[in-house]
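Here the structure comes first, spelled out in structure tokens, and everything after it is commentary.
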Amino acid sequence: MPSCTRAIFLFVDPIRGWRRVKSYEHRTRIEWTEQIRHLLLVDYPNARKVKLVCDNLHTHHIASLYQGFPVSEADQLARYLEIHHPPRNGSWLNIIEIEAYLINNVLSVGFGAFAVALRQQIPY
């Protein structure tokens, strides 16, 4: 029986009204670095600096870029990335928690094309 557990990468920019969701079977540094590269090169290709607020998982650090890419590419990506971690008792990630709640409700209730698109990215 396949596992129902997935690693969900959810990127949200509330100012732009933008979100991107990607699902993987596992959560490793490699998946995280792939998503960071996509964020920097595809989602924000013209940004001078991307300020990323993410949880305190051991994979969510600049050092992970050096495990996922050659040094020259990791250096270039790291130059454009500024990572902020919330304090242990902080609520900086409330936006992500709200987004995850909404996505869960959309998938369980279904809201047309949006729900179909999310189901393609997040298999149950």
Side-chain angles (χ1 to χ4, degrees):
M1 180 174 188
S3 172
C4 293
T5 303
R6 304 284 296 185
I8 306 295
F9 291 89
L10 175 59
F11 295 91
V12 177
D13 184 341
I15 294 171
R16 284 178 45 199
W18 171 89
R19 78 179 51 82
R20 181 168 55 81
V21 180
K22 180 67 177 171
S23 170
Y24 288 97
E25 288 186 38
H26 305 283
R27 184 194 71 214
T28 68
R29 291 179 191 266
I30 301 304
E31 285 85 10
W32 187 78
T33 58
E34 288 172 1
Q35 289 304 302
I36 294 304
R37 177 170 51 187
H38 189 276
L39 182 73
L40 296 173
L41 300 181
V42 177
D43 298 330
Y44 291 91
N46 300 317
R48 288 183 286 150
K49 182 74 75 171
V50 172
K51 296 179 180 183
L52 179 66
V53 178
C54 56
D55 51 10
N56 288 302
L57 295 175
H58 69 283
T59 57
H60 298 169
H61 295 279
I62 295 287
S64 296
L65 295 173
Y66 294 90
Q67 290 186 343
F69 303 116
V71 172
S72 60
E73 184 175 2
D75 282 341
Q76 189 162 1
L77 293 172
R79 194 172 307 131
Y80 296 102
L81 183 63
E82 185 177 310
I83 297 177
H84 297 272
H85 297 285
R88 290 183 188 260
N89 297 321
S91 59
W92 294 6
L93 295 177
N94 283 348
I95 292 173
I96 293 297
E97 292 171 3
I98 292 167
E99 289 286 330
Y101 173 80
L102 291 173
I103 288 171
N104 186 50
N105 284 342
V106 166
L107 289 175
S108 62
V109 175
F111 287 100
F114 182 65
V116 170
L118 283 175
R119 281 194 188 99
Q120 291 172 353
Q121 294 180 27
I122 308 172
Y124 272 99

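Below, all heavy atoms of this structure are taken into account, side chains as well, without hydrogens, waters or symmetry copies.
Atom CZ of Arg20 sits about 9.5 Å away from atom CG of Leu10, to the nearest 0.5 Å. The distance from the OG1 atom of Thr33 to the CG atom of Leu39 is 12.5 Å, given to the nearest 0.5 Å. In this structure, CZ on Arg29 lies 4.5 Å from CD on Gln67, to the nearest 0.5 angstrom. Distance check, rounded to the nearest 0.5 Å: CD1 of Ile62 to CZ of Arg79 gives 11.5 Å. A distance of 9.0 Å separates NZ of Lys49 from OH of Tyr80, quoted to the nearest 0.5 Å. Going from atom CG of Leu81 over to atom CG of Leu52 covers 6.0 Å, rounded to the nearest 0.5 Å.
Take Tyr66 and apply the ring pair (Phe, Tyr, Trp, His ring centres under 6.0 Å) test, not counting sequence neighbours, and it matches no residue. Glu34 is linked by a salt bridge (charged side-chain N to carboxylate O under 4.0 Å, His left out) to nothing, counting only residues two or more places apart in sequence or in another chain. Residues satisfying the side-chain hydrogen bond (donor to acceptor under 3.5 Å, both in side chains) criterion with Arg16, sequence neighbours excluded, are Tyr44. Under the rule for a salt bridge (charged side-chain N to carboxylate O under 4.0 Å, His left out), Asp13 has no partner lying at least two apart in sequence or in another chain. Under the ring pair (Phe, Tyr, Trp, His ring centres under 6.0 Å) criterion, Phe9 pairs with Tyr24, not counting sequence neighbours. A search for side chain to side chain contact (heavy atoms under 4.5 Å, CB included) contacts involving Ala63 returns nothing, not counting sequence neighbours.
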What do the steps show when you test Phe69 against Leu77 for side-chain contact (heavy atoms from CB on, under 4.5 Å), and what is the final call?
CA-CA 10 Å; Phe69 303 116; Leu77 293 172; 3.6 Å; yes
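Linking ILVMFWY residues whenever their side-chain heavy atoms come closer than 4.5 Å, directly or via other members, leaves Ile36 and Ile30 in distinct clusters.
Applying the salt bridge (charged side-chain N to carboxylate O under 4.0 Å, His left out) rule to pairs touching residues 63-76 yields Arg37-Glu73, sequence neighbours excluded.
Counting heavy atoms of neighbouring residues, nucleotides and ligands inside a 6.0 Å radius, atom NZ of Lys51 does not exceed 12 of them.
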